[in-house]
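As structure tokens, the structure follows; a few thoughts come after it.
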There are 2 protein chains.
Amino acid sequence: MSEISTNFTERTIEYEQLLLDFKVLLKNNNLKFTIQREVILECLYNSDEHLTPESLHNILQNKYPDLKIGIATVYRTLSLLEDSKIVTSLSFGAQGKKYELGAKDHHDHLICTECGDITEFVDDQIEKKQHQIADKLGFKMLDHSMQIYGICQSCQQK
Amino acid sequence: MSEISTNFTERTIEYEQLLLDFKVLLKNNNLKFTIQREVILECLYNSDEHLTPESLHNILQNKYPDLKIGIATVYRTLSLLEDSKIVTSLSFGAQGKKYELGAKDHHDHLICTECGDITEFVDDQIEKKQHQIADKLGFKMLDHSMQIYGICQSCQQK
DNA sequence: TCTTTTTTTGAAATATATTATCATTATCGC
DNA sequence: GCGATAATGATAATATATTTCAAAAAAAGA
């Protein structure tokens, strides 16, 4: 039995729900709920940024050094979460794939073509407009994605 | 002097313009116009699909075997074209980056998840809104892409 | 045209990212 | 707790991308 405490900084209702959904999903597929899978989900939940497998691995190594979590486990878990539509992977510009929890509200992305940084935003008017356009063209809208490319504030100052 | 003929299947006005722009760009940056750079641009122009560096390399090896074009040259040229905003790289789902020519008009797409049909549209209000959002967040907007996924009219009738 | 200067090239080496293998360990139903 | 099964970390194997460098090609000048 592990002595590791997950020591969550936040345990919101929303997170509890997400965790429960994850457990149900695992059970339905004869997969096991492990401490590694839990801390990866928790880390994604508590992070505001889009994480690469590498950065996620670093964070986890610092936060839970006794777990000695392997990079392979991070990759495997991210694939599992992506297949299960719990996280979404993005890959814009230069540096590799980035993952984000997909359970939150729908949002679009501003992507810096210089540093690869990704900022999220939501705009109700655009959401509405998209529905209008789909309707007008006799299209049954299921999902959408939008990216704005450009140069972020800090890169402009360089 | 090379004996290779580029043997273009199509040489539209649009392509000639693109090629000219490319030549001007090269000259302005003290770069040289090479047969390799030309066939890569031509191949991207004549392809309907999004190409990976790998697939582009294969196509070029088959089409111009005597050129013996190296994979490094493909990567280098794609980076150059991307930096110059002539092509855009995308990365959907699993493996690696894909490139497409980005010189055309803004591409907003309605994509049918049933039949794969793609309809283009432009909406001024959305374009404006995007600029407003970028401005508000101190972001210098260069480009954008938007996709709406759903079911098209004819697939709904089936 | 020929010569000089500079850039580009292909091949190979290197670096980085991702996936597979496998012996060991953990989970979970009983 | 026990046994069946799945997951783990370490590391090997692949896949993907970039760098190096001598030779070749392109542009500029005469």
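All figures in this text were calculated on a predicted structure; none of them were measured in a lab.
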Open item on the list: Using whole Å, what does the distance between atom P of nucleotide D/dA27 and atom CG of B/Leu26 come to?
Closed with: 9 Å
Task: ILVMFWY network linking B/Ile126 to B/Met141, side-chain heavy atoms under 4.5 angstrom - done: yes
Open item on the list: Tell me whether the side-chain N/O atoms of A/Thr34 come closer than 4.0 Å to OP1 or OP2 in D/dA6.
Closed with: no
- [ ] Indicate, with a heavy-atom threshold strictly under 4.0 Å, whether B/Ile69 touches base, sugar-phosphate, or nothing.
- [x] sugar-phosphate
Open item on the list: Taking the minimum atom-to-atom distance to the side chain of A/Lys32, which one of C/dT18, D/dA4, C/dT8 wins?
Closed with: D/dA4
Open item on the list: Would you say A/Thr73 places a side-chain N or O within less than 4.0 Å of OP1 or OP2 belonging to D/dA7?
Closed with: no
Open item on the list: Reading DNA chain C from 5' onward, which residue's closest nucleotide shows up sooner: A/Glu54 or B/Gln61?
Closed with: B/Gln61
Open item on the list: Under 4.0 Å, heavy atoms only, any strand: does B/Lys68 hit a base, just the sugar-phosphate, or nothing?
Closed with: sugar-phosphate
Task: Nearest to side-chain heavy atoms of B/Ala72, which nucleotide of C/dT8, C/dA11, D/dA7 - done: C/dA11
- [ ] Choose from D/dG9, C/dT9, D/dA27 the nucleotide whose nearest atom is closest to any side-chain atom of B/Arg76.
- [x] C/dT9
Open item on the list: Is A/Gln36 close enough to D/dG9 that one of its side-chain N or O atoms is under 4.0 Å from OP1 or OP2 there?
Closed with: yes
Task: Residue pair B/Tyr64 / B/Glu42, side-chain donor-acceptor N/O under 3.5 Å - done: yes
Task: Rounded distance in Å - CG (A/Asn28) to P (D/dA6) - done: 15 Å
TODO: Starting from C1' on D/dA26, measure out to CG on B/Asn29 and report it in whole angstrom.
DONE: 16 Å
Open item on the list: Rounding to an integer number of Å, can you tell me how far A/Leu67 CG sits from D/dG9 P?
Closed with: 7 Å
Open item on the list: Please determine whether a side-chain nitrogen or oxygen atom of A/Arg37 lies at a distance below 4.0 Å from atom OP1 or OP2 of D/dA7.
Closed with: yes
- [ ] For A/Leu81 and D/dA7, give me the distance from atom CG to atom P, rounded to whole Å.
- [x] 13 Å
Open item on the list: For a quick check under 3.5 Å, do A/Thr73 and A/Arg76 share a side-chain donor-acceptor pair by atom type?
Closed with: yes
- [ ] Using a cut-off of strictly less than 4.0 Å, decide whether B/Tyr75 has a side-chain nitrogen or oxygen near OP1 or OP2 of D/dA17.
- [x] yes
- [ ] Could you check whether the rings of A/Tyr15 and A/Tyr45 sit parallel, tilted or perpendicular, using 30° and 60° as the cut-offs?
- [x] tilted
Task: Nearest-Å distance for atom pair NE2/C1', residues A/His57 and C/dT16 - done: 15 Å
- [ ] Would you kindly give the CG-to-C1' distance between B/Asp83 and D/dT18, to the nearest whole Å?
- [x] 14 Å
- [ ] Hey, which sits more toward the 5' end of DNA chain D by its nearest nucleotide, A/Ile71 or A/Thr77?
- [x] A/Thr77
Task: For atom CZ of B/Phe22 and atom C1' of C/dT8, their distance in whole Å - done: 12 Å
Task: CA sep, side-chain torsions, deciding dist, call: A/Val74, A/Gln36, side chain to side chain contact (heavy atoms under 4.5 Å, CB included) - done: CA-CA 8 Å; A/Val74 175; A/Gln36 288 83 355; over 6 Å; no
